[in-house]
Amino acid sequence: MFPSFGLVLLLGSSFIFGGSAARKEDLRIVAAEKHFQANKVTPSSFAVAAATIKVYFHVISKDTTAAGGNVAASQIQAQIDVLNEDFASTGLSYVLADTTRTVNSNWFVNVGPSKTLQTTMKNALRQGGAADLNVYSVGFQSAADNGLLGYATFPSSYASRPKDDGVVLLFSSLPGGSTTNYNRGQTLTHEVGHWVGLYHTFQGGCTGAGDSVSDTPPEASPSSGCPIGRDTCSGGGVDPIHNYMDYSYDACMTEFTPGQVTRLKSQMATYRKLTI
């Protein structure tokens, strides 16, 4: 896992699992990739050069204070700016469409992956359609979820669970937040990477299809900090610690690869009907 933090991806959302849970998740990923290959839409060279994603940002707080999760409008706009900078090479841009604010201590403290409470929250607040990004900022303060930075759904999950679609993240990971080393906005970049169809760079370790992208070197496990020269798999090059889909510190994350850009464009065309 991340130092004391986790970034989760569920196929419904984005997790790192162990034991039998890991095997179940592997099977879900195999099934998702099989479906993708069978239904894949590859944007033509005549596709538009860029596409704009509307962002609906839902602030969940336990009270009206900044420490209680009521993040400032300036932080939200700074986060949108970070997304636009980090995704500049992908053909995707982001615009803040709406901000909602909900004081609900139970949601703020206890919302987490695969919980009925997060489903209740999303059912009440989600806006837009398949190509619109909903972001929910919470506290992850329950014993089960403490230390979690965020989790996201994949494009392939939208058709079966449209209300579940989106990203849930730790409020203090926004730019200027209080989570040391993870407060420059790359938590949301990472989670939106899942939302557009990318896996972790360490998916599958050193064997198999990995993250299904050919130009990200295989990686045995998540990185921590910014370990320059780290090489956990023989052959293929040093670990992609600067990639937004690893677990490095925010300051260490700087890139998506051309292969990841190709994949996300096809994922978005296939499942979100958005041509980039």
Side-chain angles (χ1 to χ4, degrees), residues 1-18 25 55 57-62 66-71 75-76 78-80 82-83 86-87 107-115 117-118 121-122 133-154 164-196 198-203 211 219 221-227 240-254 256:
M1 293 288 285
F2 226 158
S4 57
F5 296 99
L7 291 170
V8 184
L9 124 135
L10 300 174
L11 220 35
S13 305
S14 95
F15 279 112
I16 298 180
F17 297 96
E25 182 65 5
V55 181
F57 204 103
H58 307 287
V59 178
I60 314 301
S61 61
K62 64 181 177 183
N70 191 29
V71 296
Q75 282 184 280
I76 296 172
Q79 180 65 81
I80 299 297
V82 168
L83 284 180
D86 292 350
F87 279 84
W107 289 0
F108 178 81
V109 171
N110 294 309
V111 157
S114 301
K115 292 182 177 179
L117 193 63
Q118 74 100 41
M121 176 188 73
K122 289 178 175 179
L133 173 62
N134 281 252
V135 178
Y136 308 83
S137 60
V138 300
F140 294 133
Q141 293 182 348
S142 71
D145 301 311
N146 188 259
L148 186 63
L149 282 172
Y151 61 97
T153 59
F154 276 89
D164 190 48
D165 189 63
V167 171
V168 183
L169 83 163
L170 182 65
F171 78 98
S172 55
S173 71
L174 269 65
S178 60
T179 303
T180 304
N181 295 318
Y182 304 101
N183 58 358
R184 296 171 55 139
Q186 274 69 44
T187 290
L188 188 56
T189 298
H190 177 104
E191 295 303 338
V192 174
H194 292 313
W195 186 82
V196 299
L198 301 179
Y199 295 125
H200 293 127
T201 52
F202 48 85
Q203 180 70 43
D211 64 353
E219 186 176 24
S221 60
S223 70
S224 176
C226 194
I241 65 164
H242 298 297
N243 197 281
Y244 292 119
M245 302 314 294
D246 203 348
Y247 272 13
S248 308
Y249 289 169
D250 280 11
C252 190
M253 292 181 167
T254 59
F256 291 113

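Since the structure is predicted, the reported quantities are computational estimates derived from the model, not experimental observations.
- No side-chain heavy atom of V138 sits under 4.5 Å from any side-chain heavy atom of F171.
- Note: F57 and Y136 fail the aromatic proximity criterion, with ring centroids not under 6.0 Å apart.
- H194 and H190 have perpendicular rings, their planes meeting at more than 60° on a 0 to 90° scale where under 30° would count as parallel.
- In the model, Q186 has a side-chain atom that pairs as donor or acceptor with a side-chain atom of D86 under 3.5 Å.
- Rounded to the nearest 0.5 angstrom, N243 CG and T201 OG1 are separated by 5.5 Å.
- Between D165 and K122 there is no salt bridge, since none of the side-chain N atoms of the basic residue sits less than 4.0 Å from a carboxylate O of the acidic one.
- When all heavy atoms of F108 and G69 are compared, the pair lying nearest together is CE1-CA, 3.7 Å.
- Taking the six-membered ring where tryptophan is involved, the planes of Y247 and F202 are perpendicular, since the angle between them exceeds 60° and thus also 30°.
- Here the straight-line distance linking atom CG of D250 with atom OG1 of T189 works out to 8.0 Å at 0.5 Å rounding.
- Shortest non-hydrogen contact noted between C226 and H242 is SG-CE1, 3.9 Å.
- Closest heavy-atom contact between L170 and G139: CD1-O, 3.3 Å.
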For this session: Any chance you could lay out the side chain to side chain contact (heavy atoms under 4.5 Å, CB included) test for C252 and I241, step after step, and finish with the verdict?
Result: CA-CA 7 Å; C252 190; I241 65 164; 4.0 Å; yes
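- Minimum interatomic distance between A152 and V167 (heavy atoms only, all atoms of both residues): CB-CG2, 3.8 Å.
- Counting only N and O atoms by type, the side chains of H200 and D211 include no donor and acceptor under 3.5 Å apart.
- Atom CE of M253 sits about 9.0 Å away from atom OH of Y244, to the nearest 0.5 Å.
- Contact between P222 and D246 at its shortest, heavy atoms only, is CA-OD1, 3.7 Å.
- At least one side-chain heavy atom of I80 sits under 4.5 Å from a side-chain heavy atom of V55.
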Problem set entry | Q141/K62 under side chain to side chain contact (heavy atoms under 4.5 Å, CB included): CA gap, chis, key distance, verdict | CA-CA 11 Å; Q141 293 182 348; K62 64 181 177 183; 3.8 Å; yes
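- Checked against the 6.0 Å centroid criterion, the rings of F256 and F87 qualify as a close aromatic pair.
- When every heavy atom of G112 is checked against every heavy atom of D145, the shortest pair comes out as CA-OD2, 3.5 Å.
- For the residue pair S248 and S223, a side-chain donor N or O sits within less than 3.5 Å of a side-chain acceptor on the partner.
- Separation of the Y199 and F154 ring centroids falls under the 6.0 Å cut-off.
- Residues Q118 and D164 bring a donor and an acceptor atom of their side chains to less than 3.5 Å of each other.
- Between L149 and F140 there is no side-chain heavy-atom pair separated by less than 4.5 Å.
- The side-chain heavy atoms of L169 and L174, taken from C-beta on, include a pair separated by under 4.5 Å.
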Exercise. Hey, mind stepping through S173 and L188 against side chain to side chain contact (heavy atoms under 4.5 Å, CB included) and telling me if it holds?
Worked result: CA-CA 8 Å; S173 71; L188 188 56; over 6 Å; no
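- The closest side-chain heavy-atom distance from V59 to I76 is below 4.5 Å.
- Considering CD of E191 and CG of L133, their distance stands at 11.0 Å, rounded to 0.5 Å.
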For this session: Carefully, step by step, assess N134 and H58 under the rule side chain to side chain contact (heavy atoms under 4.5 Å, CB included).
Result: CA-CA 7 Å; N134 281 252; H58 307 287; 2.8 Å; yes
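- Proximity of P175 to R184: side-chain heavy atoms (C-beta onward) are nowhere separated by under 4.5 Å.
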